[in-house]
Amino acid sequence: VRSDFSTITDHGSLGMLKLLDTSGANTKLRKNNRDIKLRVAGLSLMPDDTLCPMRNIAECKNPCLRYSGRGVFDNVVDARQAKSNFFHQDRAAFIEQLKRELINFEKLCSKNNVEPWVRLNVISDVQWELKANGSIPQSFPDIKFFDYTKLAKRLGNTPDNYDLMFSWSGAKKYQNQVDLALKTDAPISAVFHGPMPETFLGRAVVSGDNSDIENIFQPGKILGLKYKLAKGQSINPIDSVFIVNTKDADITSLNRGGAS
């Protein structure tokens, strides 16, 4: 019985908690659904220190993307928090339901002759490849999974159907993670305030704003994301170590990873 996990859904109606967004309601997922040959589903958990373990070290807690798009609406916040509570309070039941929804999503994609793609960490950083978290990618070899991560140890250590991109921050205590990521060919995303540079951290910069799935196929590149102020936030992009200020920066500082 899971009546404790009834909630206001992402669409605003009261009902049993649905974990996956398969409709493209999330704006971060919608841009990936433009390709008619595939369909993308996503899981949006409200991040916390367990579900996003590097957020304090990387100093990205305040400029977190949980505030972007529909994340400013109370019903969306409530639904995401309910999912996180479900995960924490009864992980076994959470994993059971997630797998059931993934089975249904895979069947839906097969029926419509499209490839199933899933992003399980829309705004979190859970190691879904671990047995403790259900070994989700291993359980669905015909689904392609993709995510961004701040845990460099995950890069190159996930199943073949689970592709990861690394998320940069200029926080001092986070630089060991950046150094580890640079030893791999994983794409690295970075947010820029100002003109997009040609290079960053010694790597070529390509636009990362078009499609997260396209970004997967950019090994060894920096995925340049344009800084966008989320409603209700008062973050100064010049002061944030999570955002690269290119208005006054020189190429030397950029290649060293300087944030200002």
Side-chain angles (χ1 to χ4, degrees), residues 2 5-11 15-33 38-55 64-71 73 75-109 115-151 154 158-159 161-165 167 211-213 215-216:
R2 299 180 195 149
F5 300 108
S6 295
T7 187
I8 301 296
T9 69
D10 284 350
H11 301 288
M16 291 302 294
L17 185 61
K18 184 175 184 292
L19 299 179
L20 289 177
D21 171 12
T22 60
S23 66
N26 184 290
T27 54
K28 293 172 64 59
L29 298 175
R30 190 181 304 138
K31 65 181 180 181
N32 298 304
N33 274 317
L38 57 86
R39 185 163 180 167
V40 180
L43 174 62
S44 295
L45 299 173
M46 183 61 72
D48 55 38
D49 291 351
T50 298
L51 299 176
C52 198
M54 296 301 294
R55 69 178 189 160
C64 180
L65 289 172
R66 70 181 185 272
Y67 297 114
S68 65
R70 293 167 56 85
F73 298 114
N75 67 311
V76 175
V77 172
D78 291 344
R80 291 173 176 176
Q81 188 60 60
K83 294 173 187 178
S84 292
N85 293 345
F86 187 7
F87 180 89
H88 289 308
Q89 295 170 21
D90 194 344
R91 190 177 305 188
F94 181 100
I95 291 171
E96 179 185 350
Q97 179 172 330
L98 177 58
K99 287 185 175 181
R100 184 166 59 251
E101 291 188 24
L102 285 168
I103 289 171
N104 291 336
F105 178 65
E106 189 172 17
K107 289 179 180 178
L108 175 65
C109 290
E115 292 182 3
W117 288 71
V118 175
R119 182 174 174 182
L120 292 175
N121 286 322
V122 175
I123 48 175
S124 57
D125 199 359
V126 178
Q127 299 179 71
W128 296 107
E129 65 275 15
L130 299 184
K131 185 177 180 180
N133 297 323
S135 302
I136 301 297
Q138 298 94 315
S139 301
F140 296 90
D142 294 327
I143 294 180
K144 296 180 180 178
F145 295 86
F146 67 103
D147 274 318
Y148 291 86
T149 186
K150 282 188 167 64
L151 294 165
R154 301 181 68 200
T158 53
N161 62 326
Y162 193 9
D163 289 300
L164 295 178
M165 297 160 282
S167 182
S211 166
D212 295 318
I213 291 177
N215 291 346
I216 294 169

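Predicted, not measured: the structure shown is a model, and the values here were computed from it.
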Under the rule for salt bridge (Lys or Arg N to Asp or Glu O under 4.0 Å), what residues qualify as partners of [X], not counting sequence neighbours?
X    : value
E106 : none
D49  : R55
E129 : R154

Do [X] and [Y] come within less than 4.5 Å of each other through their side chains, counting heavy atoms only?
X    : Y    : value
N133 : R91  : yes
L151 : P53  : yes
D212 : W117 : no
F94  : L19  : yes
L98  : W128 : yes

Qualifying residues under side chain to side chain contact (heavy atoms under 4.5 Å, CB included), relative to K99, sequence neighbours excluded: I95, I136, S139, F140
S167: partners by side chain to side chain contact (heavy atoms under 4.5 Å, CB included), with sequence neighbours left out: K150, S189, F242
Heavy-atom pair of closest approach, residues F86 and Q97: CE2-OE1, 3.4 Å
Heavy-atom closest pair, residues V126 and Y162: O-OH, 4.2 Å
Trace of the side-chain contact (heavy atoms from CB on, under 4.5 Å) decision for F145 with T158: CA-CA 10 Å; F145 295 86; T158 53; over 6 Å; no
Going by the rule side chain to side chain donor-acceptor pair (under 3.5 Å), which residues pair with [X] if we only count those two or more places apart in sequence or in a different chain?
X    : value
Q138 : none
K144 : none
N161 : none
D48  : H88

Any donor-acceptor pair under 3.5 Å from D163 side chain to I216 backbone: no
Between atom [atom1] of [X] and atom [atom2] of [Y], what is the distance when rounded to the nearest 0.5 Å?
X    : Y    : atom1 : atom2 : result
L102 : T22  : CG    : OG1   : 10.5 Å
I143 : I103 : CD1   : CD1   : 9.0 Å
L164 : D147 : CG    : CG    : 6.5 Å
L51  : I123 : CG    : CD1   : 10.0 Å
C52  : M46  : SG    : CE    : 12.0 Å

Positive for side chain to side chain donor-acceptor pair (under 3.5 Å) with N85, one of Q89, Q81, K83: Q81
side-chain contact (heavy atoms from CB on, under 4.5 Å) evaluation trace for L43 with E101: CA-CA 11 Å; L43 174 62; E101 291 188 24; over 6 Å; no
